[in-house]
Every structure is written in C-alpha cells, then in structure tokens.
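Here's the structure, in structure tokens; my notes come after.
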There are 2 protein chains.
Amino acid sequence: MSEDLMSIREMSRSFGVTPRALRFYRSSDLLSPLRRGQSRLYSKSDRARLKLILRGKRFGFSLEQIREILELYNPAEKNLSQTEAALTTARERLADMKQQYLELGFAITDLEEQIEEGEAALLKLRALAEAAPSEEK
Amino acid sequence: MSEDLMSIREMSRSFGVTPRALRFYRSSDLLSPLRRGQSRLYSKSDRARLKLILRGKRFGFSLEQIREILELYNPAEKNLSQTEAALTTARERLADMKQQYLELGFAITDLEEQIEEGEAALLKLRALAEAAPSEEK
DNA sequence: CGTTACGTTTACGTTTACGTTCGCGTAAAG
DNA sequence: CTTTACGCGAACGTAAACGTAAACGTAACG
C-alpha cells in the first residue's frame, strides 16, 4: 500500500530519463520525492508530475513554464494571490496549447503532402537512374 | 514582380524574430537569402521556410531536425539517396507529430479541468477571506 | 562632409537543460 | 571487514540557440 514508491533507478527506467535529470528536476522544485535515509523515493504523485513535465517538454515548453503550470496542481497551502497568478498563467498556456493544436494539425497535413511529393520525385529519380546508369560501384 | 523581396528588418518585424536570429539561421544554412551588394534580401520562398522553421520550433523540434525536414522542400539538385534519407526522417517526424497531436489533445483537456478546479478553489479561498478578514493593509 | 541609420561579419557571452566527474555515505555481498 | 554497487549533492563541462559587442561598409540626410 505504501509500496507504490519507486527508487530513482526504477523511475529512470520506467520513464526513459536519466537519474541526473530526476535530480535536476528535484533541485528545480519540479519534483519533491520523499527522503528516506540517504535516498529519495518517488510516489504516485511524483510520477504524475513527471509525466506532465515530460509532456510539457515535448510541446516545447520550458521547465519554467512547466513549473508554473504544476503549481496549479497542488492548490493546498497556497494563498489567494498565488492561486490567481497560477490560474492566469495556466490560461495563457492553455491558449498557447490550443493554438499549437491547430497549427500542428496544419503542419501534419503539410508534411504529409510534402512526403507524397518527395515520393513522386523519388520515383522519377529512380526511373532516370534506370534509363541512364552513370555510376555503379 | 521581383519586389516580393524583403530586407532583414522587414522580415524581423513581420515574423517577430530578431535580425540576429535570421543571420543565425542563414549561417546554419536554414535560410539562404540573396546577397545584393552588402545586404541580404529575403524572397517568398525564404518566408515560407522561415514559417516552417518557427512552426517546427514551437513543436519542440531542434533546428537540426527542422533542417532535415526542410531538405525535403527543395527536391531539385538532390540525388537519390539524399531524397530517400530526407523522406525517412520526414516520416519519422510525421509519426512524432501525430503522436504529439494526440497527446496535446489530452493535455488540453487535462489543463482545462485543472483550471476549473483551480477556479473552484479560488472561490472557496475568497469565501474564507470574506468570513474572516485577517489582514487588510 | 560629418553624422545618423542600417547592414555586414566575427567573436565572445549567456541561458537552458542537462552530462560528467568527484568525493562521500551506505548497504549488500563475499 | 573489505569490496562492490548504488545513491547523494556539489562542482564543473557542454551543446543549442541565440544575445551582445566590436569593427567596418554604405547610403542618405542636412
């Protein structure tokens, strides 16, 4: 029951990040695993946060931006103005993400078309190579 | 007709990037504006490329990855194996982007929910502040 | 013709996000 | 009890993506 705790190695392997990265996130207050003796132990909530961190990174957000969003996720112990500020930045990020979502859709279509063009060009190149084999080692 | 050419200032302003960035992209072979006299002039194709560059950046791709994709966009002067390589990396990027698209959709939903929770928490905090006004400067 | 404005290249500085030792503590294995 | 393995934090190193500053060309303005 208390054994949903993972060592740094286990975290590292199951998320595909280095131990160094995990320590870095802790020192940046992005993660706060328990300290048992000399070691750190990562709970379910730490895993949820890490998931968000890695997701944010994939979308091109800086760790700083990600940290601001994460502050929204523990509304305890926070006062009013801090919560307000977190909400404001979260709304901005949300707007960014929606914009990105749209653009990403277009970019995917674009790239698909471009790949098709590239494939067509490739066929022509191969045809030419067949017709006039200039250099064969 | 040849006046779809822009100076570095115009580019800078219309895309919201610094001249320094444009020069950096040129020195990285991401852009290749004409050299007229001492200056550089950016064509329509340069603008298209820059658009792709900035878009790629927003999705968290490195300039190096972006450069590989861009190579797909001028299938001229390229040989067979180069085009094949470009296609391969482009397909990989496309897969990444589709994955990102899905994740981004989930992330947006998540964040929306989280914002609603935050708003609820805010209302409670305000209610408490009304009931027991402890500190008012 | 001097100055102001904009452009160039070159070189070095800076920030972000870790990688790479390092010296140390601890814990298990032999 | 030593060796081996893992973990920690501190310090320094590094690659990417520019920013900043220096030294210079040129064009136009008054």
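Residue numbers start from 1 in every chain, and the chains themselves are labelled A, B, ... in the order their sequence lines are given, proteins ahead of strands. For the numbers below, each heavy atom of this structure counts, side chains included, while hydrogens, waters and symmetry mates do not. If you're wondering where the values come from, they're calculated on a predicted model, not measured in any experiment.
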Would you kindly give the CG-to-C1' distance between A:Leu31 and C:dC18, to the nearest whole Å? 14 Å

Any idea which of D:dC8, C:dT8, D:dA17 is nearest the B:Phe24 side chain? D:dA17

Kindly say whether A:Gly60 contributes a backbone atom to a donor-acceptor pair with the side chain of B:Arg58 at under 3.5 angstrom? no

Could you give the CZ-to-P distance, from B:Arg36 to D:dT26, as a whole number of Å? 16 Å

Is A:Arg47 salt-bridged to A:Glu10, cutoff N-O under 4.0 Å? no

Protein-nucleotide distance (B:Ile66, atom CD1; D:dA16, atom P), rounded to Å: 14 Å

Are B:Ser28 and D:dA17 close enough that a side-chain N or O sits under 4.0 Å from OP1 or OP2? no

Separation of B:Arg40 atom CZ from D:dG25 atom P, in whole Å? 17 Å

OP1 or OP2 of C:dT16 under 4.0 Å from side-chain N/O of A:Lys57: no

Which atom names give the shortest non-hydrogen contact between A:Glu84 and B:Leu122, and what distance separates them? CG-CD1, 3.6 Å

How is B:Arg23 classified with respect to the nucleic acid when contacts are heavy atoms under 4.0 Å: base, sugar-phosphate, or nothing? base

Check every atom of C:dA11, C:dC18, C:dT9 against the side chain of B:Arg20 and return the nucleotide holding the closest atom. C:dA11

If you assign B:Pro19 and B:Gln38 each to the DNA chain D nucleotide with the nearest heavy atom, which residue ends up on the more 5' nucleotide? B:Pro19

From C:dT9, D:dC8, C:dG7, nucleotide with atom closest to B:Arg26 side chain: C:dT9

Take atom CG of B:Leu41 and atom C1' of C:dC6, then tell me their distance rounded to the nearest Å. 13 Å

Of C:dG19, C:dA17, D:dC8, the nucleotide closest to the side chain of A:Thr18 is C:dG19

Roughly how many Å is it from CD1 in B:Ile53 to P in D:dA16, rounded to a whole number? 17 Å

Rounded to the nearest angstrom, tell me the gap between atom CG in A:Leu22 and atom C1' in D:dC8. 13 Å

A:Asp29 vs A:Leu70, test: side-chain contact (heavy atoms from CB on, under 4.5 Å). Steps then yes/no. CA-CA 10 Å; A:Asp29 281 327; A:Leu70 279 176; over 6 Å; no

In whole angstrom, give the distance that lies between atom CG of B:Asp29 and atom C1' of D:dA17. 16 Å

Look at all strands and tell whether B:Ser27 reaches a base, only sugar-phosphate, or nothing, counting heavy atoms closer than 4.0 Å. nothing

C:dT14 pairs with, by Watson-Crick or G-U criteria that keep both distances under 3.5 Å: D:dA17

Do any side-chain nitrogens or oxygens of A:Arg9 fall under 4.0 Å of OP1 or OP2 in D:dA5? no

Is there a side-chain contact between B:Tyr25 and the phosphate of D:dA17, meaning an N or O under 4.0 Å from OP1 or OP2? no

Does the distance from a Lys or Arg side-chain N to an Asp or Glu carboxylate O, for B:Glu103 and A:Lys51, drop under 4.0 Å? no

